[in-house]
Number of protein chains: 2
Amino acid sequence: MGVFSRTCEYAMRAVFFIAHRTPEGTRVGIKDISEGIDSPAHFLAKILQDLSRRGIIHSAKGPNGGFYMTEEDLSRPLSDVVEAIDGVQIFKGCALGLKQCSEKNPCPLHHEFKAIRNDLTKLINGTSIKSFNEDLLNGMTSLKK
Amino acid sequence: MGVFSRTCEYAMRAVFFIAHRTPEGTRVGIKDISEGIDSPAHFLAKILQDLSRRGIIHSAKGPNGGFYMTEEDLSRPLSDVVEAIDGVQIFKGCALGLKQCSEKNPCPLHHEFKAIRNDLTKLINGTSIKSFNEDLLNGMTSLKK
DNA sequence: ACAATTAAAGAGTTTTATATCTTTAATAAA
DNA sequence: TTTATTAAAGATATAAAACTCTTTAATTGT
């Protein structure tokens, strides 16, 4: 596995996909999303239900229903998605999994690893979904499988 | 989970523990190691068997047997341990799990994430087990649970 | 040769992550 | 009010990770 769980990868891809596909009040269905980001539809549905319950994205049932994101949703940092799925360990945990690892009692990787974790936090926590999406809309970045 | 799998965390802790405990031809048993790093003994045994088969650490059976590391083992980068257990995805994979993500077809996180991955690679790949161990021996760092 | 000690190997079990399938509830449009 | 459409929810199923237990093999010292 990479840095994030597969579930979290799906979640982030789906969020970017929804952001990208639903300008101005439109919605996108689970089928389109799962095909668009190459993930199992039913599994992704569970993930999006979860994000929806937490208010990270929105959904509507019925004809022309689907998933969408409000301006408020778009202005959230990507870390909201990551923390909802993978928790905060990735931003806070010791590289060796030691509970007592701290500034005063550092593990052999502590200081250097902390710098890396901080950079990751800055990226994921400090950048809004909207701004990642702008690069997508500009064609500067891509979600191609 | 943090950045590394739990199995990988055990492996790294065990390697540091062995390095720390076996100066000059001594050996340390699985019981001592598993207690010292707070991991399940039988499970750790499997992990160390694996590392041993790959030549990352060494072992000897029988009375006064146990695990130890040669000078050559100590001079290896920590990445040998990580790659043996978790593979190379952590150093190479796309943050969103996209197969086609590349410089020419970057995902929304690509460039910033690449910088972070490179820093991680530099740390894990560019530092020998021995040099991490020196900080341990000097009491500058700790493996306390 | 024998007994004791230690890791290696084999064969599970349990837990968590990932994935699928079916049924229900909400909504919109005819 | 009926039908079609969509997400939500519930119930499993499968696979992978984490963990345990038992037996075997190698080595040492007596």
Side-chain angles (χ1 to χ4, degrees), chain A residues 1-14 17-18 21-22 25-35 37-69 82 84-87 89-90 97, chain B residues 1-14 17-18 21-22 25-35 37-69 82 84-87 89-90 97:
Chain A
M1 214 8 69
V3 169
F4 305 107
S5 70
R6 183 176 304 200
T7 305
C8 189
E9 290 175 353
Y10 290 157
M12 291 188 287
R13 271 145 63 183
F17 189 89
I18 296 167
R21 277 293 191 85
T22 60
T26 59
R27 293 153 183 178
V28 59
I30 188 70
K31 198 88 186 299
D32 283 349
I33 305 171
S34 68
E35 277 166 12
I37 69 165
D38 195 30
S39 76
H42 290 286
F43 186 51
L44 184 63
K46 293 294 183 196
I47 300 169
L48 296 186
Q49 278 163 35
D50 186 11
L51 294 181
S52 179
R53 255 184 258 115
R54 293 168 189 265
I56 292 171
I57 61 175
H58 284 82
S59 68
K61 289 182 182 179
N64 304 313
F67 296 89
Y68 62 99
M69 298 178 73
V82 173
I85 308 292
D86 279 355
Q89 274 298 99
I90 189 100
Chain B
M1 211 16 62
V3 169
F4 304 107
S5 71
R6 184 175 305 199
T7 303
C8 189
E9 290 175 352
Y10 291 156
M12 291 189 287
R13 271 145 63 184
F17 189 89
I18 296 167
R21 279 292 193 85
T22 61
T26 59
R27 292 152 184 179
V28 58
I30 188 70
K31 198 92 186 296
D32 283 350
I33 305 171
S34 68
E35 277 165 13
I37 69 165
D38 195 30
S39 75
H42 291 287
F43 186 50
L44 184 63
K46 292 297 182 192
I47 300 169
L48 296 187
Q49 277 164 36
D50 186 11
L51 294 181
S52 178
R53 254 183 258 114
R54 292 168 189 265
I56 292 171
I57 61 175
H58 284 82
S59 69
K61 290 185 184 177
N64 305 312
F67 296 90
Y68 62 99
M69 297 179 72
V82 173
I85 308 292
D86 279 354
Q89 273 299 98
I90 190 97

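Throughout, protein chains are lettered first and strands after them, A, B, ... in sequence-line order, and every chain is numbered starting at 1.
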Handout entry: Considering all heavy atoms, the nearest Ala60(B)-Tyr68(B) contact
Key = N-CE2, 4.2 Å

Exercise for the section: Before accepting this row, confirm whether a basic side-chain N of the pair Asp50(A)/Arg54(A) lies closer than 4.0 Å to the acidic partner's carboxylate O. Expected result: yes

Problem - Minimum-distance pair of heavy atoms, taken over all atoms of Met69(B) and Ile57(B) - result: CG-CG2, 4.0 Å

Completion exercise
Per the under-4.0 Å heavy-atom filter, residues of residues 44-58 of chain A near DNA chain C come out as Lys46(A)

Handout entry: Watson-Crick or G-U pairs under 3.5 Å in DNA chain C, rendered as dot-bracket with [ ] for crossing pairs and | for another strand
Key = ||||||||||||||||||||||||||||||

Exercise for the section: Could you list the residues that satisfy ring-ring contact (aromatic ring centres under 6.0 Å, His included) with Phe17(B), not counting sequence neighbours? Expected result: none

Handout entry: Between dA7(D) (P) and Tyr68(A) (OH): distance, integer Å
Key = 12 Å

Practice task
Identify, between Gly66(A) and Arg27(B), the residue whose nearest nucleotide on DNA chain D lies closer to the 5' end.
Solution key: Gly66(A)

Exercise for the section: To the nearest Å, give me how far apart CD1 (Ile30(B)) and P (dC21(D)) are. Expected result: 15 Å

Handout entry: Under 4.0 angstrom between Arg6(B) side-chain N/O and dT16(C) OP1 or OP2
Key = no

Exercise for the section: Output the single nucleotide from dA8(C), dA7(D), dT18(C) whose closest atom is nearest the side chain of Lys61(A). Expected result: dA7(D)

Handout entry: Any donor-acceptor pair under 3.5 Å from Arg21(B) side chain to Val28(B) backbone
Key = no

Practice task
Would you mind reporting whether Val82(A) and Met12(A) have side-chain heavy atoms less than 4.5 Å apart?
Solution key: yes

Practice task
Starting at CD1 of Ile18(A), measure out to NE2 of His58(A) and round the result to the nearest 0.5 Å.
Solution key: 11.5 Å

Practice task
Output yes when at least one side-chain N/O atom of Thr7(A) is less than 4.0 Å from OP1 or OP2 of dT18(C), else no.
Solution key: yes

Exercise for the section: Round to the nearest Å and state the distance from Gln89(B) atom CD to dA16(D) atom C1'. Expected result: 16 Å

Practice task
Can you tell me the distance, in whole Å, between the CZ atom of Phe43(A) and the C1' atom of dT12(D)?
Solution key: 15 Å

Exercise for the section: Starting from P on dA17(D), measure out to CD on Glu9(B) and report it in whole angstrom. Expected result: 15 Å

Exercise for the section: Compare every heavy atom of Tyr10(B) with every heavy atom of Asp38(B), then report the nearest pair and how far apart it is. Expected result: O-CE2, 4.2 Å

Exercise for the section: Could you check whether Ala60(B) gets within reach of a base, just the sugar-phosphate, or nothing at all, counting any heavy atom under 4.0 Å? Expected result: sugar-phosphate

Handout entry: Closest to side chain of His42(A), choosing from dC21(C), dA7(C), dA4(C)
Key = dC21(C)

Fill in the blank from the handout: Heavy-atom closest pair (Ala41(A) atom, Ile30(A) atom, distance to 0.1 Å) is O-CG1, 3.8 Å

Handout entry: Phe4(B) CZ to dA17(D) C1', straight-line distance once rounded to whole Å
Key = 17 Å

Handout entry: Between dT18(C) (P) and Ile37(A) (CD1): distance, integer Å
Key = 14 Å

Problem - Heavy-atom closest contact (Ser5(A) atom, Met1(A) atom, distance) - result: C-SD, 4.0 Å

Exercise for the section: Among dT20(D), dT28(D), dA4(D), find the nucleotide with the atom closest to the side chain of Pro63(A). Expected result: dA4(D)

Practice task
Could you check Val28(B) against Cys8(A) and say which one's nearest nucleotide on DNA chain C is further toward the 5' end?
Solution key: Val28(B)

Problem - Gap between atoms CG and C1', on Asn64(A) and dT3(D) respectively (whole Å) - result: 15 Å

Practice task
Considering just the side-chain nitrogens and oxygens of Tyr10(A), establish if one lies under 4.0 Å of OP1 or OP2 belonging to dA19(C).
Solution key: yes

Exercise for the section: Just compare dT20(C), dA7(C), dT20(D) and give me whichever is closest to any side-chain atom of Ser59(B). Expected result: dA7(C)

